[in-house]
Amino acid sequence: MTTSRLEAFSDGVLAIIITIMVLDLKVPFGDDIMSLKPYIPKFLNYLFSFIYVGIYWNNHHHLFQAIKKVNGGILWSNLHLLFWLSLLPVSTGWMGENYDATFPVAFYGFVLFMSSISFAIIEKVAVKQEGKESVIAQSMRKNVKEICSSIAYILGIVASFFITEVAIAIYAIIALVWLIPDRRIEKSMQEEY
């Protein structure tokens, strides 16, 4: 099977995730600028999660450019990723309402951590399927950014039990690091041609 059906399904799920998150934003009461003040944390958290979904969408797209065919392992590992990403609306809403509380911030970090782990699983399954000399295998050899991000998520989760602002800052730094798309696959594909 080619990757087009899997990509279309994944794109649809990610679009629904964003839609659910934006529907959780409520219209402010009042008509002056001060009416927005109570909604700022929730909006910033939505923006934060929107960026994370965008990062996964972008990197998912790059990853599946290098995968030639889909097998059951890739289908299930992709569903695993979509499961964790589908929890973003819940964790976003909970943390948006309780950005200074330990468990909502820790849960948000846990969802991000598990999403990163599940993306790494897709990469591993794809390398196994495509072979050690494939574009995807060549691209995935240096995964320092992914390892550092996973460690940082764990640090953020731990920090949420002490100072939630530090945890949120760690999650923000990770997002900033990933705003620049992972270019390893593009470079490997250019070298192949």
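Residue numbers start at 1 and run along the sequence shown. Given the structure is predicted, the values throughout are model-derived calculations rather than measurements.
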For L176, does the CG atom sit with more than 12 other heavy atoms under 6.0 Å from it, leaving out its own atoms?
yes

Kindly indicate whether the side chain of W178, heavy atoms from C-beta on, has any atom under 4.5 Å from the side chain of Y56.
no

Applying side chain to side chain contact (heavy atoms under 4.5 Å, CB included) to Y171 and I157, what does each step give before you reach the verdict?
CA-CA 9 Å; Y171 305 151; I157 293 166; 3.9 Å; yes

Please check: side-chain N/O of E123 versus main-chain N/O of I136, any donor-acceptor pairing under 3.5 Å?
no

Looking only at heavy atoms, the pair that brings A167 and V105 closest together is CB-CG1, 3.7 Å

Take I168 and M95, measure what side chain to side chain contact (heavy atoms under 4.5 Å, CB included) needs, and give me the verdict at the end.
CA-CA 10 Å; I168 294 168; M95 188 171 102; 4.1 Å; yes

Looking at every non-hydrogen atom in both residues, tell me the closest pair between A159 and I170 and how far apart they are.
CB-CD1, 4.4 Å

Quick one: CG on L82 to CD1 on I17, what's the gap to the nearest 0.5 Å?
6.5 Å

For the hydrophobic clusters of this structure (ILVMFWY residues joined by side-chain heavy atoms under 4.5 Å, transitively), does one cluster hold both F50 and L179?
yes

Any heavy-atom pair between the side chains of I55 and N59 that's under 4.5 Å?
yes

Check the pair T164, Y99 against side chain to side chain contact (heavy atoms under 4.5 Å, CB included), reporting the backbone distance first and the verdict last.
CA-CA 7 Å; T164 57; Y99 60 90; over 6 Å; no

Check A101 against P104 and note the closest heavy-atom contact, atom names and distance.
O-CD, 3.4 Å

Just wondering, are more than 12 heavy atoms of other shown residues or ligands nearer than 6.0 Å to CG in D31?
no

With heavy-atom distances below 4.5 Å as the criterion, would you say the side chains of F119 and L63 are in contact?
yes

Which residues pass the ring pair (Phe, Tyr, Trp, His ring centres under 6.0 Å) test with F161, not counting sequence neighbours?
F103

Please set out all donor-acceptor pairs under 3.5 angstrom arising from side-chain atoms of residues 41-48, sequence neighbours excluded.
unit_1: K42; atom_1: NZ; unit_2: D24; atom_2: OD2; d: 2.7
unit_1: K42; atom_1: NZ; unit_2: G93; atom_2: O; d: 3.3
unit_1: K42; atom_1: NZ; unit_2: E97; atom_2: OE2; d: 3.4
unit_1: N45; atom_1: ND2; unit_2: T92; atom_2: O; d: 2.4

L155 side, atom CG; C148 side, atom SG - distance, nearest 0.5 Å
10.5 Å

All heavy atoms of N78 vs all of S10, minimum pair found to be ND2-OG, 2.8 Å

Closer than 3.5 angstrom, by distance alone: can the side chain of N71 be matched with the main-chain N or O of I74 as a donor-acceptor pair?
yes

For the CD1 atom of I67 and the CG atom of L6, what is their distance to the nearest 0.5 Å?
8.0 Å

Going hydrophobic residue to hydrophobic residue with side-chain gaps under 4.5 angstrom, can you get from V22 over to L36?
no

Could you give me the CA-CA distance, side-chain angles and deciding distance for W57 and H61, then say whether side chain to side chain donor-acceptor pair (under 3.5 Å) is met?
CA-CA 6 Å; W57 177 76; H61 169 72; over 6 Å; no

Can you tell me which residue among I18, V13, I20, L14 is in a side chain to side chain contact (heavy atoms under 4.5 Å, CB included) with I16?
I20

Report yes if the side chains of F64 and H60 come closer than 4.5 Å at any heavy-atom pair, otherwise no.
yes

Heavy-atom pair of closest approach, residues M21 and P89:
CG-CA, 3.6 Å

Is the closest side-chain donor-acceptor distance between H80 and W76 under 3.5 Å?
no

For residues 107-118, which side-chain N or O atoms pair as donor and acceptor with protein atoms under 3.5 Å away, sequence neighbours left out?
unit_1: Y108; atom_1: OH; unit_2: S49; atom_2: OG; d: 2.7
unit_1: S115; atom_1: OG; unit_2: V111; atom_2: O; d: 2.8
unit_1: S116; atom_1: OG; unit_2: F113; atom_2: O; d: 2.6
unit_1: S118; atom_1: OG; unit_2: M114; atom_2: O; d: 3.1
unit_1: S118; atom_1: OG; unit_2: S115; atom_2: O; d: 2.9

Using a 3.5 Å distance criterion without hydrogens, assess whether the side chain of E130 forms a donor-acceptor pair with backbone atoms of K68.
yes

Might you point out which heavy atoms bring T102 and S160 nearest each other, and give the distance in Å?
OG1-O, 3.2 Å

